[in-house]
Number of protein chains: 2
Amino acid sequence: MTFVFNERDGCGKCPIRHRAICARCDDEEMELLEKTKSYVTFEAGQTIVWRGDTLKYFSSVVLGIASLSRTLEDGRTQMVGLLLPSDFIGRPGRETVDFDVTAVTDVTLCRFERKPFERLVEDLPHLSHRVMEMALDELSAAREWMVLLGRKTAREKIATFIEMIVRRDTVPTHDAPRHVLPLTREEIANFLGLTIETVSRQLSLMKKDGIITFSDRRSFVINDLAALQDATGDDADGGVII
Amino acid sequence: MTFVFNERDGCGKCPIRHRAICARCDDEEMELLEKTKSYVTFEAGQTIVWRGDTLKYFSSVVLGIASLSRTLEDGRTQMVGLLLPSDFIGRPGRETVDFDVTAVTDVTLCRFERKPFERLVEDLPHLSHRVMEMALDELSAAREWMVLLGRKTAREKIATFIEMIVRRDTVPTHDAPRHVLPLTREEIANFLGLTIETVSRQLSLMKKDGIITFSDRRSFVINDLAALQDATGDDADGGVII
DNA sequence: ATGGATGATTGACCCAGATCAAGGTTGCCC
DNA sequence: GGGCAACCTTGATCTGGGTCAATCATCCAT
């Protein structure tokens, strides 16, 4: 989800490295925010916010990956989104988060006090416009994921996940054929609505089929991209409307 | 999803019955839109827009229910949302829809030409603000649904669905104990990521358990709300943060 | 009323993926 | 390096929900 931005999108003009905020920032606007800005880091595995917690801060991910998830009473957990650099935690107009936010890797957040930030969103049309666009993009991504969760087979889920990782890695700068799974098997399972055993088995199958090769448990290369895309169950265009 | 608004929320001040647009409308702003406004109706079952279609209009539902869904090549279909009165079809900043939009019941749409509408969204902060809020609400609802699709059992899915219908019906005005399923068994199946047989079986089970009673295939009353809520698998508060 | 279409229910059976269980890897700390 | 803890893989078995198929109900149109 939300594989929309990453650090590269940061604006170099000011210390807030987010295009969402900086796109058309001027010194005056920034000054307001600067006053309440702070950075925090979380270690991998730590919970950043619990579902229902009141948010004192509005933050955005600077470095690392966080997850949004919900756990049912009996422990079943479903991840509902990944937060990558430049994604926000918190939403204007709401004091609480509806999901648990957890650091998947070590995470650095850049945070602002909620009130002044919300005021800024109110006052700056381009900012609220930007938040709206981000929300709509996330909404599309979430719906796309609903199709995966509701209708895809285990193999298709795994293929879609791998393909997503690969697509995200393939940026103009480096076409490194080596990719890294940012999640543990358990996290992948919770992301795809599967168990770790099924995740493990399906990865082994794709390995046996010669589609991917693992150098260690996290790093892999794609041997047959066409076969991978074919296994996703999506249309040829990969689910993206041209 | 998006059980957020209904006709009652309409603003009586102008013919565009949507609070999103009308909340702080003045005659001047409205005049712009009025010029390009038109109404269309679709019969139950008709497709309103196909995935990928270029949207000439930006529309909102006035009457009836429409669905957003995606169908995989081999026919597996997943519904990703329901559009109720006052929900929008189309999104500012995008020319196409990512999902098929289908009339579930007979549907009346109120539509505007896309260009002028988008300009209006750009120009009126309160409107873009409103669209942002709607997008964020839908996003929460979509994520909630992801938990259902990824982790809930058939019984829990059915219970959650029924409970949602009941919650939506329970408005201040009338606490009628009789409710109506707005969807066919097949549509319910596609909404919940199940087959029609499983939907039918689970409904029969809940009937047998004395939780609900059907008068015909669409109308029912709840005999044991507590048991129903218990069967959803959600926390006691019904998934809504207080 | 009759025939036919559409939609819903119910039963019998099957299989993908969950569950249970036993090792295997990797990495870290003493 | 040895021991321990996470994490991952693989096998055996079970089961929830899918698949296939038959029957029933409801609603029209003739």
Side-chain angles (χ1 to χ4, degrees), chain A residues 43-46 72 74-78 102-106 148-162 180-209 212-220 231 233, chain B residues 43-46 72 74-78 102 104-105 148-162 180-209 212-220 231 233:
Chain A
E43 280 176 35
Q46 277 190 292
L72 302 178
D74 60 359
R76 283 173 290 172
T77 299
Q78 177 65 52
T102 312
V104 169
T105 63
D106 290 355
L148 175 142
L149 292 173
R151 290 303 186 200
K152 289 193 178 182
T153 64
R155 186 182 172 86
E156 288 170 337
K157 287 177 175 182
I158 293 287
T160 305
F161 176 67
I162 303 274
V180 175
L181 293 178
L183 308 178
T184 65
R185 298 294 186 267
E186 186 179 13
E187 287 162 341
I188 296 172
N190 289 337
F191 197 28
L192 299 176
L194 296 170
T195 59
I196 48 172
E197 294 94 331
T198 301
V199 170
S200 186
R201 271 186 258 270
Q202 291 297 334
L203 285 175
S204 297
L205 280 180
M206 304 203 75
K207 215 159 51 186
K208 194 153 68 68
D209 291 350
I212 54 179
T213 306
F214 279 86
S215 43
D216 63 69
R217 284 191 282 200
R218 295 291 194 103
S219 314
F220 65 95
Chain B
E43 280 176 36
Q46 276 191 294
L72 302 177
D74 60 0
R76 281 173 290 173
T77 299
Q78 178 64 52
T102 312
V104 170
T105 63
L148 175 142
L149 291 174
R151 291 300 185 201
K152 289 193 176 179
T153 64
R155 186 181 172 87
E156 289 170 337
K157 286 177 175 183
I158 293 287
T160 306
F161 176 68
I162 304 274
V180 175
L181 294 178
L183 308 178
T184 64
R185 298 295 187 266
E186 186 179 11
E187 287 161 341
I188 296 173
N190 289 338
F191 197 29
L192 299 176
L194 296 170
T195 59
I196 48 173
E197 293 94 331
T198 300
V199 169
S200 185
R201 270 187 260 269
Q202 292 298 334
L203 285 175
S204 296
L205 280 179
M206 303 203 78
K207 216 159 49 186
K208 192 154 68 70
D209 291 349
I212 53 179
T213 306
F214 278 86
S215 44
D216 62 68
R217 285 191 282 200
R218 295 290 193 104
S219 313
F220 65 94

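Computed from heavy atoms alone, side chains included, the values below leave out hydrogens, waters and symmetry copies. To find a chain, count down the sequence lines: A is the first, B the second, and so on, and within it residues start at 1.
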For the pair made of [atom1] in [X] and [atom2] in [N], what is the distance, rounded to whole Å?
{"X": "B/Leu194", "N": "C/dG17", "atom1": "CG", "atom2": "P", "value": "15 Å"}
{"X": "A/Lys157", "N": "C/dA16", "atom1": "NZ", "atom2": "C1'", "value": "11 Å"}
{"X": "B/Glu187", "N": "C/dG7", "atom1": "CD", "atom2": "P", "value": "9 Å"}
{"X": "B/Arg151", "N": "D/dG16", "atom1": "CZ", "atom2": "P", "value": "17 Å"}
{"X": "A/Arg218", "N": "C/dT25", "atom1": "CZ", "atom2": "C1'", "value": "14 Å"}
{"X": "B/Leu205", "N": "D/dG17", "atom1": "CG", "atom2": "P", "value": "11 Å"}
{"X": "B/Glu156", "N": "D/dG16", "atom1": "CD", "atom2": "C1'", "value": "12 Å"}
{"X": "A/Ile188", "N": "D/dC8", "atom1": "CD1", "atom2": "C1'", "value": "11 Å"}

_What contact category does A/Thr195 fall into here, base, sugar-phosphate, or nothing, at under 4.0 angstrom with non-hydrogen atoms?_
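Since a base atom lies under 4.0 Å of A/Thr195, the category is base.
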*Base, sugar-phosphate, or nothing for B/Gly193, non-hydrogen atoms under 4.0 angstrom?*
sugar-phosphate
[X] side-chain proximity, nearest of [options]:
{"X": "B/Glu197", "options": "D/dC8, C/dT19, D/dT19", "result": "D/dT19"}
{"X": "A/Arg185", "options": "D/dT9, D/dT19, C/dG7", "result": "D/dT9"}
{"X": "A/Thr153", "options": "D/dG17, C/dG17, D/dC7", "result": "C/dG17"}
{"X": "A/Thr198", "options": "C/dA18, D/dG17, C/dT9", "result": "C/dA18"}

_With rounding to the nearest 0.5 angstrom, report the CD1 to CG distance, B/Ile162 to B/Leu203._
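Here the rounded value is 5.5 Å.
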*Can you name the one residue among B/Thr195, B/Thr77, B/Ile196 that meets side chain to side chain contact (heavy atoms under 4.5 Å, CB included) with B/Glu186?*
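Single pass found, and it is B/Ile196.
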*Parallel, tilted or perpendicular: which fits the ring planes of B/Phe161 and B/Phe191, with parallel below 30° and perpendicular above 60°?*
perpendicular
*Considering only heavy atoms and no angle criterion, is a donor-acceptor pair shorter than 3.5 Å present between the side chain of A/Arg201 and the base of D/dG11?*
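Looking at the base of D/dG11, it does pair with a donor or acceptor on the side chain of A/Arg201 (distance under 3.5 Å).
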*asked:* When you compare the side chain of A/Thr198 with that of A/Lys157, does any pair of heavy atoms fall below 4.5 Å?
replied: no
*asked:* Could you check whether any side-chain heavy atom of A/Arg155 comes within less than 4.5 Å of a side-chain heavy atom of A/Asp209, counting everything from C-beta outward?
replied: yes
*5'-most contact on DNA chain D: A/Ser200 or B/Ala154, nearest heavy atom basis?*
A/Ser200
